[in-house]
*Asks:* 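Structure in structure tokens, see below.
Below, chain A is the first sequence line, B the second, and so on; all start at residue 1.
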Amino acid sequence: MGVAVAAAAVAAAVAVEPMDRVGLGWRPALATGIFAHLDEIDVLEVLADGFFRGPNRQIRSLETLARYRPVYLHGVSMGLATSQRASRDQMDRMARLVEKVKPEGWSEHLAFVRGGGYEIGHMAAPPRTERNIAGALRNISAARQAVGALPVLENVATLVMPPASSLAEPEWASEIIRQSGATMLLDLHNLYANALNFGEDPETWLALFPLERVSMVHLSGGCWIGEPGNTGKQRLLDDHLHDPPDAVYGLLARLAEWTPNPLTVLIERDGNFPSIEQLLAQIREVRRALRLGREARGRNLPKGQAA
Amino acid sequence: MPTNFTLENYLNGPSKLVERLQEGPQNWNPLDFTGPEFLVFYFLLGMALYGMVFLVMYLREDRERTSLGKLTDPYEIAYLRGGEKETIKLGLFSLLGRELLETEGDSLKAKDQDSAIVGGCPLENTLLESLREKKNGKEILADKSVIAACAGYKSSLERQKLIVPESIYQQRSFAVEVAAGLMAGLAFAKIVIAFQKGHTNILFLVILAAIVVSLIRNIKMRLFRTPTGERMLSDLKTLFKRLKDQAYVLITQDRTGEAMLLAAVFKIEAVPGYSAIFDKVFPAPKKSSGGSCGSSGGDGGGCGGGGGCGGCGS
């Protein structure tokens with residue numbers, strides 16, 4: 001009886017992880033909806049690149065925004081995961097923005113955006129090789145020196161298996177995360193899309209990532225598109241224009257079950273905006289998934305701990 | 001027009017003024033300056049006074065580092081922007097959007113006698129009570145119970161050091177009126193002297209005087225806010241800028257709370273469908289006595305906590 005009571009107490013203690021937070025990507029189109037419902041939003045994430053060359057009053061308004069809720073700056077153009085040198089200009093711009101806005105943290109992607117003197121114009125998954133890992137670690141170290149803090153590093157979605165890769169994505173990402181000392185922003189829809197697109201089970205794929213290093217999570221949605229060449233097959237495109245699918249909430253619950261870390265979960269939406277009520281419903285769904293995961297973690301604690 | 005009126009004459013004003021000043025203090029009486037010299041002098045004096053009023057304002061400001069607060073209540077934001085008048089107009093905007101008021105010419109009236117039950121915020125309830133009988137804008141703004149219902153917003157903003165206390169506002173207002181009076185008086189004196197000397201080319205001076213005096217008097221609303229309050233309002237405008245024209249769309253989608261945020265930050269008159277109503281009910285731009293921090297009695301309370309007013313029942 002005493003063991004059961006103690007186990008229930010432990011389960012209750014971990015069922016609600018007080019440090020889990022849920023928020024939204026800040027988009028101007030959502031501004032009034034976010035302000036009108038701040039009591040349901042714990043944290044905001046701002047796309048940093050849009051402010052790098054912005055006027056002072058725009059940057060100053062971010063500092064005010066950070067008074068309302070903790071803000072994370074999210075970069076998209078540094079191109080850290082490359083054997084080449086990442087953009088020092090972008091690092092300096094991020095550093096200036098961080099200094100002015102004083103966010104809670106900043107993040108970037110494990111991707112490359114330029115090569116051979118060409119700007120790709122979007123993020124691309126690099127070849128997953130030891131040489132790439134070495135280059136990424138150099139770039140992350142340079143970014144840390146420039147900005148004054150390590151970025152949280154995000155996995156990216158890809159429709160194409162990066163050629164010349166010798167490592168699987170989880171193994172490659174794990175090496176970079178662990179050796180750099182950074183924490184990970186695990187984009188669950190990117191993980192889900194990559195797993196489905198390349199024939200993996202998403203939950204099994206999830207378990208291969210360095211979950212002990214995950215501090216932040218992105219949730220977003222996408223749509224199925226046809227493969228080129230009329231193969232009849234489809235691939236899942238992570239477009240940030242759709243609601244997160246149910247399976248992604250399931251992955252979030254699993255993550256909450258498997259890691260003790262407090263998680264900051266952000267819903268990303270870049271267009272085709274639903275009503276703020278729908279986004280708030282998604283936030284509530286995220287909280288429910290986190291709660292389910294934490295409760296499952298509590299039930300699965302080793303018997304020794306329960307005693 | 002006198003024969004010496006040429007554009008070139010006026011464009012040479014600055015150099016002529018410098019020459020005049022170099023002649024020595026005995027020639028520094030501005031009422032003796034020629035037209036072009038006086039225009040340049042008047043413009044420079046006006047800008048100097050404009051700058052000095054701000055300097056006086058911020059020198060007397062409580063220099064304690066005020067942390068930026070968090071305004072989410074649309075009524076507090078409206079009060080920060082335009083005092084009691086704009087707060088009351090926002091209340092009317094909310095009630096109109098929720099179809100609790102009807103228009104009758106230049107007046108507004110509560111739609112039915114039981115509307116007060118569903119008003120929500122203390123200000124809205126007070127407005128509904130006040131508008132059991134139809135009233136025009138002037139009458140609404142003169143209603144003491146409505147003004148008292150705004151007191152809570154004023155107190156909150158003072159506590160957050162986003163607006164100045166009444167005593168400081170009065171000091172600032174006095175400085176503004178003295179500066180505006182000086183410029184108006186100087187222009188008037190010069191015009192009288194010009195006519196006495198047979199000069200009639202006073203058009204530039206009249207236009208310049210009107211601009212300078214208006215500029216000085218129009219900063220009265222800014223005197224109402226502290227530098228922190230000024231910044232708060234400016235930053236909210238920047239954050240909501242993309243949605244500035246969307247208030248009407250939000251109302252049609254029954255998102256009154258969000259529409260109220262936009263109307264609070266920007267002016268209600270800019271909302272399509274409402275500009276005509278407010279132009280009739282509040283027909284002429286008034287020199288805001290509503291900005292003079294009216295009566296401070298009563299506890300109007302706030303409209304909500306960190307989640308904002310949410311349209312008070314929407």
Side-chain angles (χ1 to χ4, degrees), chain A residues 21-48 50-51 53-71 73 97 100-104 269-271 273-281 283-284, chain B residues 65-77 80 94 160 162 227-266 271 303-314:
Chain A
R21 297 181 300 176
V22 187
L24 277 178
W26 170 265
R27 304 289 182 271
L30 301 174
T32 50
I34 288 172
F35 263 74
H37 299 94
L38 276 174
D39 52 346
E40 293 195 59
I41 299 167
D42 301 327
V43 63
L44 295 168
E45 183 183 73
V46 173
L47 292 174
F51 291 87
R53 291 190 168 91
N56 281 341
R57 61 175 164 73
Q58 213 178 40
I59 296 169
R60 197 187 69 183
S61 71
L62 281 190
E63 197 186 330
T64 293
L65 184 65
R67 309 291 299 192
Y68 283 84
R69 281 297 176 271
V71 158
L73 294 178
L97 196 59
K100 286 180 184 169
V101 177
K102 297 178 181 50
E104 195 166 279
R269 192 65 176 248
D270 292 344
F273 295 108
S275 67
I276 189 65
E277 286 74 23
Q278 284 177 264
L279 288 170
L280 294 173
I283 286 178
R284 287 189 283 271
Chain B
R65 187 88 184 143
T66 308
S67 65
L68 271 175
K70 296 186 285 189
L71 286 190
T72 52
D73 187 332
Y75 285 113
E76 285 189 359
I77 296 170
L80 180 65
S94 172
Q160 295 177 72
L162 298 175
T228 306
E230 194 66 43
R231 176 180 164 168
M232 171 66 75
L233 188 62
S234 171
D235 288 348
L236 286 173
K237 285 182 178 174
T238 302
L239 290 170
F240 292 158
K241 189 179 170 188
R242 232 26 112 79
L243 294 171
K244 187 177 173 185
D245 300 324
Q246 300 298 309
Y248 187 66
V249 173
L250 293 172
I251 291 170
T252 58
Q253 293 174 350
D254 213 23
R255 290 153 68 179
T256 313
E258 293 182 56
M260 281 183 67
L261 274 171
L262 288 181
V265 171
F266 305 105
V271 181
C303 197
C309 192
C312 296
S314 70

*Asks:* Can you tell which part of B:Leu243 gets under 4.5 Å to a heavy atom of chain A, answering side chain, backbone, both or neither?
*Replies:* side chain

*Asks:* Provide the closest heavy-atom pair for B:Leu261 versus A:Thr32 in the form atom of the first, atom of the second, distance.
*Replies:* CD1-O, 3.6 Å

*Asks:* For A:Arg284, does the CZ atom have more than 12 heavy-atom neighbours from other residues, nucleotides or ligands under 6.0 Å away?
*Replies:* yes

*Asks:* A side-chain contact here means heavy atoms from C-beta on lying under 4.5 Å apart; do B:Arg231 and A:Glu63 qualify?
*Replies:* yes

*Asks:* When rounded to the nearest 0.5 angstrom, what is the spacing between CG in A:Leu65 and CG in B:Leu236?
*Replies:* 10.0 Å

*Asks:* Can you give me the closest heavy-atom contact between A:Gly33 and B:Glu258, atom names plus distance?
*Replies:* N-OE1, 3.1 Å

*Asks:* Where does B:Lys241 contact chain A at under 4.5 Å (heavy atoms): side chain, backbone, both or neither?
*Replies:* side chain

*Asks:* Taking all atoms of both residues into account, what is the closest heavy-atom pair of B:Lys70 and A:Arg69, and its distance?
*Replies:* NZ-NH1, 4.3 Å

*Asks:* If we define contacts as heavy-atom pairs under 4.5 Å, which of A:Ala31, A:Ser61, A:Ala29 has the most with chain B?
*Replies:* A:Ser61

*Asks:* Determine the minimum heavy-atom distance between A:Tyr68 and B:Leu71, stating which atoms define it.
*Replies:* OH-O, 2.6 Å

*Asks:* Please step through side chain to side chain donor-acceptor pair (under 3.5 Å) for the pair A:Arg60 and B:Ser234, ending with a clear verdict.
*Replies:* CA-CA 10 Å; A:Arg60 197 187 69 183; B:Ser234 171; 2.8 Å; yes

*Asks:* Mind listing the closest non-hydrogen atom pair of B:Thr238 and A:Gln58 along with its distance?
*Replies:* CG2-CA, 3.9 Å

*Asks:* First locate atom NZ of B:Lys237, then atom CZ of A:Arg57, and finally report the distance between them rounded to the nearest 0.5 Å.
*Replies:* 11.5 Å

